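Predicted, not measured: the structure shown is a model, and the values here were computed from it. Along the sequence shown, residues carry numbers from 1.
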Amino acid sequence: MNARVLIIDDEPDIRATVEILLGRAGMESMAAESVRSALALLNNQDFDVVLTDMRLGDGSGMDVVRWVADNRPATPVAVITAYGSARDAVTALKAGAFDYVEKPVDTTVLKRVVQDALQLPRKLAESPAPGDATTSDATTSKVATKLVGNSPAMQQVRDTLTKLARTQAPVYIHGESGVGKELVAREIHRQGARKNGPFVAVNCGAIPAELFESELFGHVKGSFSGAHADREGLFSAADGGTLFLDEVVDLPLTMQVKLLRVLQERTIRPVGSNHEIPVDVRILSAAQAPLHDAVAAGKMREDLYYRLNVLDLPIPPLRERSEDLEELCQALLARIGERHASPPSVVTADALEKLRMHRFPGNIRELENMLERAVALQTTPGVVHGDQIPRHTAAITTGTSSGHAAPATASSKTDRSESETERAHRSDGQPVDIDTELARSEEQRILEALNATRWNRTKAAEKLGISFRSLRYRLKKLGIDEK
């Protein structure tokens, strides 16, 4: 059965042009000239895709976007905006539009948008409200997204992720180091219309400033010293798919201007070239803090902020989803076992209790490192006991009288206040400052990574999952350079 497209525009010439284009592509179409006539058709018929102009005689295309989002959530809507009306496009994307096309309409772009929309699943997966999922629904969702855990926080992430995957809008993912931001980005890609295209991830903090432009846009032979051949950039490599910009706040301001232009024009110009190349890329970006913090600090251009932060997805830290700890341990131990070609180990109750006392400043990445070390030290094959969990784990708590960690809060200010005033106790009863213990834990992990990479700082930063710039700062702060 041919795809059916509803075209909404008050200009007869545009309606006719789009109908001809879609007809040549083997699609059926119907046309409406107003919001009223469009809603009448949508109330009585099913369409695979809706294309609507933003400015109509009796209303706005936003009226159509909102109606479809509320009444036909499985039907993707693309909006047609006046050239340069970025604000209209962003507003539509936030309201649930799949994508947008600028006037004058480029037939190649329009065809691509419709074809991408048709790649979406025909039925929208209804995500249960956090805490209301049945066992079968939770299991299905978990398998679909590969995100471990059924805590309310993770149910909310899954629900939001599924909705974001159905648009082409840029998404900004933020959360502490080690929470799994790249995994979430990959799941957005995997569940979206571009799942058959490439997923290209780039750590903006690991690229030297002078190489950014060449890395992102490519270069032509002879454009600079050492350019012995044409080189494809990461935007071209991601054409038809998704480009994930991790640690995007590390982009130099000069590159931010050029990235903004690419997002507006959807073209790139390789270094040394006089020609622009069209690119079809969805941008996902990530960093540890909300992007407006970077704008306030002068590290991010405000105009780029509005382009990258169209949709926002916060990822909770591990301390806010402690219910998932046992399931995470099982999944990570299975991964560790696969890595070492051995059966997965199991974690005992006393080991779990010891882990629950830890605040995990390094989140899931830190948990995996702990478990890998515990597996290496285990005395009973296939079993991780409490005495194999690193000793510092039990000390890094908020020290309640019951021996359990105090409930974590989302406020970093509160966390700092607790670490300054509360005390943990060593086994000999002597009080120890938590900040000191955290610094020792951080220093130990950094030294382990440096030793494992023979003090190659670039590789150590990759192993730790942080940017080279961040590692250099921490080395200086901890005085490791002097050791």
Side-chain angles (χ1 to χ4, degrees), residues 1-69 71-122 166-169 192-194 197 239-240 264-267 278-282:
M1 183 176 176
N2 293 340
R4 302 185 73 240
V5 182
L6 174 61
I7 305 160
I8 310 167
D9 201 298
D10 57 1
E11 296 183 42
D13 291 346
I14 292 181
R15 293 200 303 270
T17 300
V18 175
E19 284 189 279
I20 292 170
L21 172 67
L22 298 179
R24 289 175 179 172
M27 303 178 199
E28 297 179 3
S29 61
M30 294 189 70
E33 60 184 17
S34 65
V35 173
R36 183 177 180 179
S37 57
L39 296 185
L41 288 171
L42 286 165
N43 260 314
N44 296 296
Q45 300 186 47
D46 291 327
F47 294 92
D48 297 296
V49 183
V50 175
L51 293 173
T52 180
D53 191 11
M54 284 293 284
R55 304 193 180 189
L56 301 166
D58 62 342
S60 165
M62 286 299 302
D63 299 325
V64 177
V65 172
R66 294 190 183 101
W67 189 94
V68 173
N71 299 278
R72 299 282 191 275
T75 304
V77 182
V79 298
I80 302 173
T81 69
Y83 178 77
S85 298
R87 182 172 297 179
D88 287 347
V90 169
T91 302
L93 291 169
K94 285 186 174 181
F98 168 77
D99 205 347
Y100 69 95
V101 181
E102 290 184 327
K103 291 183 178 180
V105 176
D106 184 314
T107 55
T108 302
V109 172
L110 179 63
K111 186 176 178 181
R112 185 266 303 165
V113 168
V114 173
Q115 288 175 338
D116 282 352
L118 292 172
Q119 295 299 313
L120 289 170
R122 289 291 183 267
R166 293 182 54 81
T167 78
Q168 294 298 290
R194 296 171 178 266
D239 193 35
Q264 291 173 336
E265 304 298 330
R266 302 191 186 193
T267 61
V279 288
D280 170 24
V281 173
R282 184 184 188 183

Could you walk me through whether R112 and D99 pass the salt bridge (charged side-chain N to carboxylate O under 4.0 Å, His left out) check? CA-CA 11 Å; R112 185 266 303 165; D99 205 347; 3.1 Å; yes
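- Put simply, the residue from V35, D53, D58 that forms a side-chain contact (heavy atoms from CB on, under 4.5 Å) with D10 is D53.
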Begin with the C-alpha distance, continue with both residues' side-chain angles, and end with the deciding distance and a verdict on side chain to side chain contact (heavy atoms under 4.5 Å, CB included) for V105 and T17. CA-CA 10 Å; V105 176; T17 300; over 6 Å; no
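- Counting only heavy atoms from C-beta outward, the side chains of K103 and I14 approach each other to under 4.5 Å.
- A side-chain N or O of T167 and one of R282 form a donor-acceptor pair less than 3.5 Å apart.
- To the nearest 0.5 Å, atoms CG (L6) and CG (L51) are separated by 8.0 Å.
- Put simply, the side chain of M62 does not reach to within 4.5 Å of the side chain of V79, judged on heavy atoms.
- Here the closest non-hydrogen pair linking S37 and S34 is OG-OG, 2.9 Å.
- Nearest heavy-atom pair across A25 and K111 is CB-CE, 4.2 Å.
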Would V77 and W67 count as a side chain to side chain contact (heavy atoms under 4.5 Å, CB included) here? Give the steps. CA-CA 10 Å; V77 182; W67 189 94; over 6 Å; no
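- With D63 contributing its side chain and S60 its backbone, the two residues share a donor-acceptor pair below 3.5 Å.
- Of all heavy-atom pairs spanning I8 and A38, the tightest one is CD1-CB, 3.4 Å.
- For the pair L42/V50, a side-chain contact is recorded, criterion being any heavy-atom separation below 4.5 Å from C-beta on.
- The two residues A31 and L41 make their nearest non-hydrogen contact at O-CD1, 4.0 Å.
- With D280 as the fixed residue, the side-chain hydrogen bond (donor to acceptor under 3.5 Å, both in side chains) test singles out one of R266, R194, Q168: R194.
- In this structure, L22 and I7 have side chains that are in contact, with non-hydrogen atoms separated by less than 4.5 Å.
- Partner V5 forms a side-chain contact (heavy atoms from CB on, under 4.5 Å) with one of M27, E28, M30 and no other, that one being M27.
- For the pair D48 (side chain) and R4 (backbone), a donor-acceptor distance under 3.5 Å is present.
- Contact between G26 and N2 at its shortest, heavy atoms only, is O-CG, 3.3 Å.
- Contact annotation: the side chain of L118 approaches that of V49 to within less than 4.5 Å [non-hydrogen atoms, C-beta and beyond].
- Summarising the geometry of G61 relative to L56, their closest heavy-atom pair is N-CD1, 4.3 Å, with the distance given to 0.1 Å.
- Here the straight-line distance linking atom CD1 of I20 with atom OG1 of T107 works out to 11.5 Å at 0.5 Å rounding.
- The closest side-chain heavy-atom distance from F98 to V68 is not below 4.5 Å.
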